[in-house]
Structure formats: C-alpha cells, structure tokens
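Note on naming: letters A, B, ... go to the chains in the order of the sequence lines (proteins, then strands), and numbering restarts at 1 for each one.
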Amino acid sequence: MSITYLEAIREAQYEALRNDPKVFLYGQDIDTFGGAFKATKNLGREFPGRVFDSPISEDAMVGLAIGAAVEGARPIVEMQFADFSSVGFNQIVNQAATLYWRTNTPCPVTIRLPSGGTAGSGPFHSQSMEAIYAHYPGLVIVTPATVEDAYWMLLESVQVDDPVIYCEHKFLYYHLKSDDIGSRELPIGKARIARPGRDATVVTYSAMVHEALRAADELHLDGYQIEVVDLRSVKPMDTDTILASVARTGRLLALGEAFPWGGVTAEIVSRVASEAFHLLDAPPMRLNSKDTPIPYHPNLWKAHRPTVATIAAALRNLLRY
Amino acid sequence: MSITYLEAIREAQYEALRNDPKVFLYGQDIDTFGGAFKATKNLGREFPGRVFDSPISEDAMVGLAIGAAVEGARPIVEMQFADFSSVGFNQIVNQAATLYWRTNTPCPVTIRLPSGGTAGSGPFHSQSMEAIYAHYPGLVIVTPATVEDAYWMLLESVQVDDPVIYCEHKFLYYHLKSDDIGSRELPIGKARIARPGRDATVVTYSAMVHEALRAADELHLDGYQIEVVDLRSVKPMDTDTILASVARTGRLLALGEAFPWGGVTAEIVSRVASEAFHLLDAPPMRLNSKDTPIPYHPNLWKAHRPTVATIAAALRNLLRY
Amino acid sequence: MAGSLVPRLFVALTETHSTRAEASPQADFRARFLLAYQHMVLSRVLEEKLAALYRAGGRIVGGVYLGRGQEAFSAALGVQLRKGRDLYGPLIRDQAGRIAYGEPILDCVRTYLGAVSGPMRGRDGNIHRGRPKEGIFAMISHLGSLVSVVSGALFARRLAGTLQDGVGATSIGDGGTSTGAFHEGLNMAAVEKLPLIVSVANNQYAYSTPTTRQYACENLVDRAAGYGVAGATVDATDLAACLEVFDKAVRSARTGGGPQMVVGTLLRLSGHGEHDDASYIPDAKRKGSLSRDCLSVAEQRLRDEGWLDADAVRDLRAEARREVDLAVAKVTKEPLPDPFKENWQALSRADLAEGRYEA
Amino acid sequence: MAGSLVPRLFVALTETHSTRAEASPQADFRARFLLAYQHMVLSRVLEEKLAALYRAGGRIVGGVYLGRGQEAFSAALGVQLRKGRDLYGPLIRDQAGRIAYGEPILDCVRTYLGAVSGPMRGRDGNIHRGRPKEGIFAMISHLGSLVSVVSGALFARRLAGTLQDGVGATSIGDGGTSTGAFHEGLNMAAVEKLPLIVSVANNQYAYSTPTTRQYACENLVDRAAGYGVAGATVDATDLAACLEVFDKAVRSARTGGGPQMVVGTLLRLSGHGEHDDASYIPDAKRKGSLSRDCLSVAEQRLRDEGWLDADAVRDLRAEARREVDLAVAKVTKEPLPDPFKENWQALSRADLAEGRYEA
Ligand SMILES: Cc1ncc(C[n+]2csc(CCOP(=O)(O)OP(=O)(O)O)c2C)c(N)n1
Ligand SMILES: Cc1ncc(C[n+]2csc(CCOP(=O)(O)OP(=O)(O)O)c2C)c(N)n1
Ligand SMILES: [Mg+2]
Ligand SMILES: [Mg+2]
C-alpha cells in the first residue's frame, strides 16, 4: 500500500489535528468537500468544529489565522491555489511576518500554497510564489519535493512558532508515490542530497527536483555523475550544503520553475559566487521558466518551464565548459 | 533657481498632462491637497477634471487605471506609499502585467511608488518593492536616482505602452537638487556610469547611488578609483553596461536598500557570475538592508540600511581581496 | 445581437429588436424574449458539446465551466448591451450573455481547444477569454477584480467624451461578493457615479460552499444601499422577469442613474466544473423551487404565449446543434500553438523585454 | 479602567463602576460618564503634550497623530471593555479608548519617543503599538486589516472555550471603510457570528479627502444590513449618547447578538497628523454643528448635572498634566535603541533565521 504526495499532506493535517487541539483548518471548500484537491478529505468529519469553509476572502482568511495565532492557536490556512494568495499578500508579508518582531508575539500560522504548473491550468492556477514571500523578513518558506517531506515538513511547519509558507506542488499530488511516509530525516533549514555526483551540482527544489533527477539519469548514460541538491526550504536556504556540493563538483546549475527575474535561482547563484567563487571550475548557470505568464495550452506550457531536455542541455553546456 | 527630485516628479506629471489629453492622475489626496508629499501640487487646479482623489482602495485604483488604459487612456496612479501597493498587488501582477500577453491589448499604466526608508517612517512607510514587481513578467520597473531621471523617466514611463512601476525614493524628495532637469540623456533600459573608476564596480540604483558615490569619495582618499553604475531601471536590467564595468574593474559590489533575500542585488551578482565569471578578480559581493522589517527609530533605521560606512567597509574588503 | 449565424426564423424579430424604438412595448418585449431565448438555446447546446468533449477527453485540457441554468439571467443582460458602445465583463457562467453580447461561439470553442486562431491564442483558456478592444473583457481568475476594470473603461470614456449613453456590465457570483476587490470596485463605481451594472448570480453555492458560509445578510441586494447604488432582485429562472429587471437597470444606468446591482436567485445546475458531481448539494435543494431550468420555463412561456410551437423549438435546437458542430469541426482542424512560433514576450515593447536564464 | 494612576476623587466612582451589576442604572451611568470623561481629559492632555514635543522637534521622530475631538467616541467604547477578557484593536485616533481599555500612557510616550523600554522597543512608533498578548493589538498601517485579526482572536477563544462573554472591538475611519480588508473582515465576522464591535468614526475626512470622494451611501451605517450585522449611529461629540450606544452594542455582542457596527459622526479637530494644518477643511465645516468639541460638551453636562464643578475639572486637568509630565520626564531619561544590542531577527526561531549580505 503506497501513499501519494497529496495523501501525505492530508495525513499530516490529520496528525496535526490529532496531536494538538490548538490546530484548526481554515480555507475555501475544505470542510465537507475536502478541498479543491481533496487535501482535507474527511478531516471535517473526523474533527468536527475544527475545519472551516471560508468565504472567498483571502485577506481575511490570513487575518483571522493571525488573530487566532496570537491567542495560541496554530491554524493551517489553505489557499485554493497559490495564485490567489496575491490577495492575501498584505496580511502575510505585513501582518503575519512582522508580528513577532514588532510585538514579541509569536505567529504560528501555516499557509498552504498549492503551487506550480500543471497542463491546462493557465496563468492564474500555476504560479510559484516562493520568491515573493522569501523576499520579506519574518517568514519561513518550505518547498517539499518528496512524499516524506510533504508529510514531515508540514507537521514541522505547524510546530514552528513563526509563519510558514508551505509551497506544495500540484504536479506532484497524484504522480508522486512512496511506500510509506518514513521517519523524519531532516529538519526545516537543511537541504538534502537527492542524488550524489561528482561532475556537476544541480541545486533545485520542489517538482524540479524530479526533472533534475531524470536529467541526471540521462547524463549518466554519457558517463556523467550529476549531484542533485534538494533545498527543501528556500528560506532559510541551506548554503553550507550547497557549498559543500559545489566543492565536490566545481560546477553549478541553479534550477527553478518560477519566473526568471530574481527568485531562488538568483539567490543560489549569487551565494555560491560570493562564498565559493574559487570552488567553481565553470561559470554558474541558471535555468528558470520563461519571462511570460504561464500558458494554458500544454504545447506552450511544456516549453515555458524547464524540462528534462532543457535541463540536460544546460548541464551539457556546463560540463563542456 | 534649482529643482528638487520631488519637484521634478511634479513637473513631469505637469508635462505629461499638458502633452497628452489621455493622461489623468488617480490617487489618494492628490487633487486639492496635492498629495501626501505634494508631488501633484496644483495639478488639480491646472488641469481641472483630470486629477482625482481616490477612495482608500488600492486594488480598485489599479483596476480602474487598467480599464482606462484599455480604452486608450494613460493613467498615472499614485500610491500614497509604496508599502500600500501590497493591497493593489494582485491587480498589478495578475491583471495589468498579463493584459497585453493574454489579449494583445496594451496596458499603458504608470504606478508611482513613493519608496524607501526615511528616519522615523517605520515598517510600513519605508519599503522598497522593486524586486517584488520585477519578479513578475509583464512589468517595467524604473528606479530613478537623479533629478533628471526622476523627470525624464517619468515622462517616458507614461509613454511606454506597458505597465511601468515607477519607484521614486522619498529620501531624495527634498535633499536632492539640480540646477535644471537638463535634457533626456538615456532611455529606460540603459544604465549610467555615475562615476568612472578602475579598481572596483558598485552596481546600485535609487537612493543608494548617492551613498555609493560618497563611499567612493571616501575610498578616493586612499587612492582607490571606484566605478559606480546607476541601473536606472532594474527591469529591464542593463547587463551589458554592468559587464563592461566589471571588465574594467574586475571587482563587483551589488548594493541595494531592499531586504537581503533575493532582489536586485542577487540578480546583479548572478548575472555577472554567469556571464562574466572570468572578468572577476575577486568574489562578487552583495550589500542590502537587514532581514527584518524596517525599524522606526533612527538609531535602528540607520543600522538597518547600508550606509557610507558599511559600503566603504565592504569595498575595502573587496579591494583587499 | 449574436455574431453567430442567426436562425432564419428570427431575422424578422431581430430587426424588430434593432429598431425597437419604434416598436410597440409588447412587440419589443416579444422580440427580446425570443432573441434571448435563441441565445440561451445556443449557449446550452454549445455547453453540452463542451461537456461531451471534456468527458471524451483528449482535446480539452483543463476544466470546463458551464452556465447551465443561468442562461436566462445571463442572456437577459446581454441582449441589453450594444457591442462596442457598451462594455461587458462576463464571468464564469456567462456563455449565454457572451453570445447575446455578440461574442462569436468560435471564440469560445477556439479558447477551450487552445487554437492559436482564437482570441487567447492558447495562452489562456476556457472562460478566461475576451477582446477588450471590442468591449468584452477577458476575466482573470481572481474574483471581483473585473468590477474596477470595467469601471475604469467607463471612466476613461466619460473623460474622453466618448461614453454618450454607453454602459458597462459585469457579473459576479454569491462567492465573489466576499472579495475585497468586489467591495472596492463597486464602492469606487458608486463614488464616480459610473453607468455600471453589476449582475450578481446567487446560485446558492461557491464551488461547494453554501451561502450560509459566504454571507450573513438576508439577501445580497441588501448591500446596494450600503454602496448608495440601486438594487433589484429577480427570480433568475424566469427569463421574462430577468428581461424586465435588466431593461430597467440598464435604462437607468444609461440615463444617469449610476451603478445598478441586480441580484438573481437560482441554483447552479451543474458542478462547479465538469470535474465536479456537486454531490454536496442536498436533494432538497436539487428538487427545490430554485432548481427550475430557465430554459424549460422560457419554453413554457413561449407555448403559453403562442410565440413558438414545439416544432419551432425543435428546429431552433437543431439549428444550434448544426452551428455548434460546424464550429467544433472547423476549430478541430485549426493549428494548435507552436512553442517555436511563440514570441515569448510579455511586453508590447520588445526592446524592453528581458529573456535571460529561461527554459 | 485606566492603568494610569487614578485621580483620588474618582476612586469611589471607579469602584461603583467595577461593581456596576448592583449599582442603580443612574449611578452606573454617572460613574461611567465620569470615568470616560477622566480618560478623555487624560487623553487630551497627553496628546497636547505630544503635539508640543513634536513642534519643539528633536525628540519625536516621524509623525504625531491625534484623536482630538474623538475622545468621547473612543473612550465610550473603551470603558465597556474589560482588559484581557475583552480584546481591543484601536486605530489612529483612539488614545482615549486605549487609556480607557487600560493601556498605560507610558506605552504611548515610550513608543512615540522610541524608548526600548516601550512595547515596540523603538522598532515601531507612534500609534503603531500594542500588546497583543494582553488583548490590545498593534495596528499595522494598512487600514482595515485589523478587523479580521481581532475576529480571529475571538474565533480562537471561542474554539478553545475561553471566550465566555468576551467581546472584541476595533475601530475604523470613514476612509478605512473603502478597503477590501474592511469588507472581507466584517463579512467574515458576520459569517462566523463573532462578538465583534466595529466602531466607525466618520470624521468627514480621510486625510484631505472628503466623504463625497469616499462613499456614495447616505450614511455608512447603511452597510450594516448588507453584512447582516446590527447597526447604530450616534452623535460622536456627545459622550452621554456614545456611552449609551456602545453600552447597547457591547451588551448585545456579549449576549450572542453577533457583530455590531456603530457609526459616530463628528469632525476631525486636528490635522491628519501634526504636520497637516488641514487648510482643506472649509470654514463652514470648521464652524459647523459637527465641530463641537466633545470635551466641552461633556463638561457642560457635568455642570448641568452637578456632577463636577469647575474646580474639580481644573483639578482633574492639573492631575492629568502632572501624570503626563511625569511620564514624559521618566521616558526622556530612558535608553534609546542601540543597534548593537538589537538581535536583528524577525523570527522567533533563531535557528531558522538568515543573516547574509546585510548592512
Ligand atoms: C480570489 C479568488 N479566490 C479563490 C478563487 C477560486 N474559485 C474560483 S470559482 C470559485 C467559486 C466562485 O463562486 P461564486 O462566486 O458563487 O460563482 P459561481 O461559481 O457560483 O458562479 C472559487 C472559490 C478565485 N477564483 N479567486
Ligand atoms: C491601505 C492603506 N492605504 C493608504 C493608507 C494611508 N493613510 C493613512 S491614514 C489615511 C486616511 C484615513 O482616513 P480615515 O480612515 O477616515 O481615518 P481618519 O484618519 O480620518 O481617522 C490614509 C489614506 C493606509 N494607511 N492604508
Ligand atoms: Mg455561486
Ligand atoms: Mg476620517
């Protein structure tokens, strides 16, 4: 019996609700309906009075969670899609993120952002907003890439006394399976070597970890050993693990699904360039999605985001150097 | 008779209104009152029926401007402070920024963001949001650092058929003066060598250009020639000019007033590291504000943002390398 | 009137419509009723086809969102609008209103199928379509955000002196009224006294969420007074009533009455999308008074008035089916987007575009 | 009751207040009136001092925002709240309400002067202060955003079973009602049937913007019905009327009446901030009926009722002045923030903090 990435998110919320009466869930269509993606399936029935359907009011959803957190609650807010957090943006970056620093009052709010592209989702149901939130002080941004991390990092997020933006990738919901959720391996803030190698390092996160692994397989046929680092959380970013990997391989490709200006890949490359300049045998490279909104039609969507083919091509250039 | 940075912004809007009947201004307290900073002083009287006081509705202010732009108008929206654009965020990044790409309809909206820190302004009247907007496709982000650019780039912004986020720095409003607004030197998208040098390059923008110039003066006493590049617009970012400067100096400090995670400085460093790796004689450096909200009290605020002292110190480290 | 080809038997009525000034109130009403009904039928048939294509799989990627049951409310507003001179910001369930406004059904089919020939060129899909320069806005997903945009277009026309008696209309659902964007937009429209009609389709659910979890007022029309705008309610399953209420609202907006809020009550007769069986809607509601199908209600009226007999109705549906099949057949042969032919630029000013570190 | 030291002559009344259950309605009203008046005086005197410090320059950095003229409306709500058991989210012009709720004036002075000993430790200033864990929230600048936050705190207490008869109150201005946050927050509070009191101080201006450019309804209370919440209006210059309306609203909220919207009408008797001479307010308005100073109105009533004679009023002001001067003198000697002693961390979890590439 195996468990999917989506089921792991559901199970983690089940556990969180079971372990701590202070936990409650607030979001659109998450009670009876179990959420647009069924990430809260049956939780309303299993935990009566602790799972709430919200009006379509993202600003107030986050505001309500913040006020509840001040009173010691540990709410989990589900955004129906990450893209809609744009209308909850202010409460997240200016209210939740500043509360502890301003008033010494912890703000243990977890905000789930169903993120990333899937075929046919279009410009407003596909966004990856981790860089937007990571830019603001006062937030922790996690980006699980595995079933195990989806589970353990969500549980840990709920326990963190600071606001956590939990970016779950919709592309992994159903496809990604594991035999079980395993045991907690790493805490938030530590990256993971998803695949050891010696010729080049790909530093990435979320769904792109799997594209990178496939590209690494492809290059393995040519005899290259590509190391893949899964950041797990983009803020904090585990720079030590990144630098250690680059020290081994001397080559860096920063890979992400978000828009190309700024963002996680720029942060990765600039950290390595600043702190491990002499470990680099080749100029560090970046690969992101294109600088346009995310297209609806699969023909365009597939070309908008990095793919195994473009990642492999980038790696070949990096290795050829 | 000299003109301040703030007056230049006012004059540019005067010109824009005078040159083109399609231009109108929409914002809080900008009509009779002339705006919180007086950037629209008398414009309501000089152009009756074209300067409008808005309700406190940033989302709708931007939405109204977008709809007007669809009809061929060229609105200028004043946010009272950049920080409040957080509640207009969705209309900016999802409606204005996607309109042309989705529907082939140009969206010539200019949104003025009074940005950056000043003593005693605190966490919600001091923010620099250029990186937040630059991350999203479909927007042009300008960051004038001089009286001349404040004037000419605002006029040019209004003429651009795409949404322009015009980040004006409040710290420069009154202090920064020029004898006249001169003539248009460079278009949006081209950076400027604010000070030529040969030992190290500081790439920066907006108010930090002036801090960098002072730091350069300081290092000049030790015989160092620091080149200062004023980006003028952070998106597009004039990478050629940056690379050419780094080719001359071999050393890079990316400097900005925004928060340290991601943002303009990460983009600068990663571009240089990727495209001019071998031009660098030392690891590229970054200097930003601290990773906390912007403090209210001057003692803290002065320590939160880069200063001549910290910039000079960073440059010394860079040169010592 | 519809850009789609118009069944022969309606040409006359259509003309009556377009010259309605002279026509008698009764003839005028009859004409609009028949015209709206025609659009409702075409909309229903088109959406049934889309649903079938969705179930068949393969061709339609992403979701399908139907206006089933809301055709009367949507079309009744659409027939009041003059393409171009009036502005329209349709939302999720406005296929009938789109047809009535004059959006060719090819725009719908091409957008659902992602054809490059469509208005969205495969870049956006399904209900996220429009031609702003022709007066019909392309909604983004964020609910409520069109209210201020349509208002802005009216605002600009008034400034430019080109508004004349033009109006703008946009739709929202019961759920969408909870957004800050809706509030800010409608309040601003009221402050600016714009000729904006906001049609609120209260179909009892926002996705799976019942109105009890969406608002606490008696009736959403109670909000009109708080904005200082005119408010009206209507049984949205009754085309005749819808025509009346929108006729009044649009007239009032045209003649300086300011924003108009029209709240229609009905039940969503489909899932939120075709992926959704709406099993959360209790039988009581499914069988309740709100669950009347506006199309049957309209057909009953047609028979009662003797305006259209069963054969005519059958012909009309057949005609609509032919039109829809033609459109689908045509679009199916059209080219799909080609990533290598895309310019991949979000800005109109190519010289200001960036294209670094991309896939 | 005020945490600030209480003038001797009020101890008795204060006790009457705290045991008001037994007291006669008249005695109770008199007690609350006198108590509220005391807070109003202290607030006015404190703010006059802040304004003086601002004009003197040097010590206060940034703006000063006064509640001058709004003391009655603000204090009348504050005296209804029980610190800790009830929650309070004051806004720009609630100095009197803060004192009434029990915020020590030292919190105010320390925040304005940026003393590390204050609740905001120099990190935030002026009106952006509070002690959330003690029931008083620290507003961020973005208007409207406290409505949902205070609602959330009530929501959590109800979930935890600790709410009992507790209520939450927050304030907004005429301008703040135009924000999406206000709409979403109040609507959500109504859906959740929370014991929330929203006091709307319609002081005719939002900074320089008159209400004609802010909303188009007759009276902002017209919005209450649209949210399905109770609505009431009051002449906010009349302390007696304010006490009555808030007494009713808070009682109703305590006893399951759901959210309460109280709209007070008055004129802002200061600039938006002390930097603003408010020259945009026409003389007609300045001299109009709304321009009554609630403090004089209250003092008139005190004399009419024979509750307090001129000497007592003088003593009271003198006492307040002493208290304020003491506070300012004390704080002026306290240490200012030291960047080297700051931990410069936005997270409570130091191990998750980043600190790279910083100034
Ligand atoms: C701001 C925002 N939040 C969430 C969503 C996701 N969403 C899309 S449709 C929908 C339900 C809309 O309900 P309603 O407004 O009643 O319209 P209906 O579907 O019933 O026609 C939701 C929650 C959205 N589109 N925008
Ligand atoms: C969302 C947002 N936009 C703009 C501002 C800037 N601002 C601060 S106070 C103010 C006027 C507020 O007017 P009102 O709500 O009537 O309160 P009053 O000052 O009259 O008490 C404005 C526009 C803000 N604080 N928040
Ligand atoms: Mg609905
Ligand atoms: Mg006001």
Side-chain angles (χ1 to χ4, degrees), chain A residues 21-22 24 26 49-50 52-73 75 87-88 90-91 94-95 97-108 134 136-140 160-164 187-189 233 235-237 239 270-271 274-275, chain D residues 87 89 119-121 123-124 128-142 144-157 159-160 162-163 168 179-192 194 343-349 351-357:
Chain A
K22 293 185 160 61
F24 70 88
Y26 208 87
R50 294 174 62 192
F52 302 89
D53 282 340
S54 170
I56 304 176
S57 304
E58 282 76 7
D59 183 283
M61 282 159 59
V62 178
L64 178 138
I66 294 165
V70 165
E71 289 295 315
V87 280
N90 180 61
Q91 293 279 19
N94 285 318
Q95 190 98 255
T98 65
L99 184 68
Y100 174 74
W101 182 84
R102 292 173 69 234
T103 69
N104 207 31
T105 311
C107 187
Y136 269 86
L139 301 171
V140 173
V160 170
D161 270 346
D162 297 297
V164 178
I188 289 173
S233 65
K235 190 175 186 183
M237 183 182 285
T239 312
S270 66
R271 286 188 187 202
S274 299
E275 301 183 36
Chain D
L87 301 165
M120 311 311 283
R121 300 162 290 169
R123 293 178 177 187
D124 208 343
H128 302 92
R129 68 179 189 272
R131 298 178 181 268
K133 277 177 269 152
E134 295 172 29
I136 183 163
F137 289 82
M139 65 177 279
I140 66 169
S141 298
H142 300 71
S145 55
L146 260 188
V147 178
S148 57
V149 173
V150 174
S151 298
L154 293 169
F155 185 86
R157 286 185 175 194
L159 267 187
T162 58
L163 181 58
T179 61
F182 174 81
H183 171 69
E184 293 192 1
L186 184 49
N187 183 63
M188 188 173 280
V191 166
E192 301 294 358
L194 294 167
N343 72 353
W344 293 112
Q345 277 178 14
L347 297 176
S348 73
R349 276 282 298 274
D351 60 314
L352 295 181
E354 294 218 310
R356 290 164 187 270
Y357 322 114

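- Looking at D/His128, both its backbone and its side chain come within 4.5 Å of chain A, counting heavy atoms on both sides.
- Separating the CH2 atom in A/Trp101 from the CG atom in D/Leu347 is a distance of 13.0 Å, to the nearest 0.5 Å.
- Taking every heavy atom of both residues into account, D/Ala156 and A/Ala73 meet most closely at CB-CB, 4.1 Å.
- There is no contact between D/Asn343 and chain A, counting heavy-atom distances below 4.5 Å.
- Of the two parts of A/Glu58, only the backbone, made up of N, CA, C and O, holds a non-hydrogen atom closer than 4.5 Å to a non-hydrogen atom of chain D.
- Listed options A/Cys107, A/Pro75, A/Ala68 were ranked by heavy-atom pairs under 4.5 angstrom with chain D; first place goes to A/Ala68.
- Counting heavy-atom pairs closer than 4.5 Å to chain A, the top-ranked of the candidates D/Ala353, D/Pro119, D/Gly152, D/Ala189 is D/Gly152.
- Annotation for A/Arg271 and D/Tyr357: closest pair CG-OH, 3.0 Å, computed over non-hydrogen atoms.
- Looking at D/Ser145 and A/Gln91, their side chains never bring a donor and an acceptor atom within 3.5 Å of each other.
- Residue D/Met120 holds its CE atom at 6.5 Å from OG1 of A/Thr103, rounded to the nearest 0.5 Å.
- For the atom pair CZ (A/Arg102) and CZ (D/Arg129), the distance works out to 12.0 Å, reported to the nearest 0.5 Å.
- Taken from OG in A/Ser54 to CD in D/Glu192, the straight-line distance is 8.0 Å, to the nearest 0.5 Å.
- No part of D/Val150 comes within reach of chain A, as not one of its non-hydrogen atoms sits under 4.5 angstrom from that chain.
- Nearest approach of A/Gly63 to D/Ser148, heavy atoms of both residues: CA-OG, 3.3 Å.
- Taking 4.5 Å as the limit, every side-chain heavy atom of A/Thr98 sits out of range of all side-chain heavy atoms of D/Arg123.
- Per-residue heavy-atom pair counts under 4.5 Å with chain D were compared for A/Gly72, A/Pro55, A/Ala65, and the maximum is reached by A/Pro55.
- Between the side chain of D/Lys133 and the backbone N or O of A/Asn104 there is at least one donor-acceptor pair closer than 3.5 Å.
- Counting heavy atoms from C-beta on, the side chains of A/Met61 and D/Glu184 never come closer than 4.5 Å.
- When all heavy atoms of A/Tyr100 and D/Arg121 are compared, the pair lying nearest together is O-NH2, 3.9 Å.
- Heavy-atom distances place no part of D/Ala160 under 4.5 Å from chain A, backbone and side chain included.
- Distance CZ/A/Phe24 to CG/D/Leu159: 6.0 Å, rounded to 0.5 Å.
- Across all their heavy atoms, A/Leu99 and D/Pro132 have their closest contact at CD1-CG, 4.3 Å.
- Judged purely by distance below 3.5 Å, without hydrogens or angles, the side chains of D/Ser348 and A/Asp162 pair a donor atom with an acceptor atom.
- Ranked by heavy-atom pairs shorter than 4.5 Å toward chain D, the options A/Asp161, A/Asn94, A/Leu139 are led by A/Asn94.
- A/Ile188 CD1 to D/Arg349 CZ: the interatomic distance, rounded to the nearest 0.5 Å, is 7.0 Å.
- Nearest heavy atoms, A/Gln95 versus D/Val149: NE2-CG2, 3.4 Å.
- Contact count versus chain D (heavy atoms, under 4.5 Å) is highest, among A/Val160, A/Ile66, A/Asn90, for A/Asn90.
- For chain D, the nearby part of A/Ser274 is the side chain; its heavy atoms alone come within less than 4.5 Å.
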As a quick check of understanding, evaluate side chain to side chain contact (heavy atoms under 4.5 Å, CB included) for D/Leu87 and A/Glu71, giving each step before the final call. CA-CA 11 Å; D/Leu87 301 165; A/Glu71 289 295 315; 3.8 Å; yes
